[in-house]
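Worksheet for the structure shown next.
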2 protein chains.
Amino acid sequence: MTINAIFEALSHPVRREILRLLRAGPFSAGDLANRFDLTKPTLSVHFAKLREANLVTVERRGNSLIYHLNISILEEALSAFLAFREPNL
Amino acid sequence: MTINAIFEALSHPVRREILRLLRAGPFSAGDLANRFDLTKPTLSVHFAKLREANLVTVERRGNSLIYHLNISILEEALSAFLAFREPNL
DNA sequence: ACTCTAATTAGAGATAAATCTAATTAGAGT
DNA sequence: ACTCTAATTAGATTTATCTCTAATTAGAGT
């Protein structure tokens, strides 16, 4: 099921852009949301899908939620798929 | 646009399974369709998305259309994404 | 030209995804 | 306990995706 969640999460350009931004380092939900021409609730839904796929992790810092990229999941999933052993994550 | 088409194509489990099957070698549309519990027209739509993303190529042999995996596109796209230079395919 | 086969395209119905506004939660900090 | 801020969840609407049956196309082969 997880491999589904991962590819599902990667299928939307906004979510791929979020991952790209997180590559530079952790960002709060609000800071990330400000980068897009969409409302915060909409971004929140995208975050949820990324969390569900384990592509990001969250940590609270004061009033903010800080998102971190989980690069290892991404690497495992994509390279496993390239090797075409359907990964059992 | 193409990177969208590629991730969109990869987002559906049936299409990922088609790619996996094609890894063993080329197959006709009909042979592929028989592997799934779905109608041929449905599979045809999935094939179209894979063609659109350039993940497969087609060749006619007699009355059949033979699908081939285009592994290089897949490798380029996924490894480019892992390197996070948004690829310009 | 005719017919047969394999596959695709068209059209419609059903299911799922994306987005918004409004309401709610979670916790920080006084 | 109160209030303020940041973020999420709920509910509704719009838009896109998946799937089917029926009709059409493309070519092969006689």
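Sequence lines set the chain letters: A, B, ... in the order given, protein chains first and strands last, and positions in each chain run from 1.
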Base, sugar-phosphate, or nothing: which does R51(B) touch, judged by heavy atoms less than 4.0 Å apart?
sugar-phosphate
When you measure from the side chain of S11(A) to the backbone N and O of E8(A), does any donor-acceptor pair fall under 3.5 Å?
yes
Let me know the distance between CG of L50(A) and P of dT8(D), rounded to the nearest Å.
11 Å
Just call it for S64(B): base, sugar-phosphate, or nothing, with non-hydrogen atoms closer than 4.0 Å on any strand.
sugar-phosphate
Send over the distance from H46(B) NE2 to dA7(C) C1', rounded to a whole Å.
15 Å
Can you work out whether L65(A) or R15(B) has the more 5'-proximal nearest nucleotide on DNA chain D?
L65(A)
Under a 3.5 Å cut-off for both contacts, is dG27(D) paired Watson-Crick or G-U wobble with anything, and if yes, with which nucleotide?
dC4(C)
What do you reckon, is CZ of R35(A) surrounded by more than 12 foreign heavy atoms closer than 6.0 Å?
no
Testing the basics here: between H68(A) and L22(A), what is the closest heavy-atom pair and its distance to 0.1 Å?
C-CD1, 4.2 Å
Tell me which nucleotide among dA28(C), dT8(D), dC20(D) gets nearest to the side chain of N63(A).
dA28(C)
Quick one: on DNA chain C, does R60(A) or L38(A) contact a more 5' nucleotide (nearest heavy atom)?
L38(A)
Nearest of dA7(C), dG27(D), dC20(C) to any side-chain atom of S44(B)?
dA7(C)
K40(B) has an atom NZ; how far is it from atom P of dC20(D), in whole Å?
14 Å
When the distance from CD1 of I18(A) to P of dA7(D) is rounded to whole Å, what number comes out?
13 Å
Shortest side-chain distance from T42(B), nucleotide among dA7(D), dT8(C), dC20(D)
dC20(D)
Whole-Å distance between dA7(C) P and E59(B) CD?
13 Å
Do S72(A) and N70(A) have side-chain atoms, one donor and one acceptor, less than 3.5 Å apart?
yes
Atom CG of L43(B) to atom C1' of dT8(C): distance rounded to whole Å?
12 Å
Quick check: F7(B) with F7(A) (ring centres under 6.0 Å apart)?
no
Pairwise side-chain hydrogen bond (donor to acceptor under 3.5 Å, both in side chains) hits with a residue in residues 45-56 of chain B, at least two apart
R15(B)-H46(B), R51(B)-Y67(B)
Starting from P on dG27(D), measure out to CD1 on I66(B) and report it in whole angstrom.
15 Å
When both distances are under 3.5 Å in a Watson-Crick or G-U wobble arrangement, the nucleotide paired with dA14(C) is dT17(D)
At under 4.0 Å between heavy atoms, what does Y67(B) touch on the DNA or RNA strands: base, sugar-phosphate, or nothing?
sugar-phosphate
Gap between atoms NE2 and C1', on H12(A) and dA17(C) respectively (whole Å):
8 Å
Could you check which of dA6(D), dA17(C), dA7(D) has an atom nearest any side-chain atom of S28(A)?
dA7(D)
Kindly point out which of dA22(D), dT8(D), dT5(D) is positioned nearest to the side chain of A29(A)?
dT8(D)
Under 4.0 Å: is that the gap between some side-chain N or O of T39(A) and OP1 or OP2 of dC20(C)?
yes
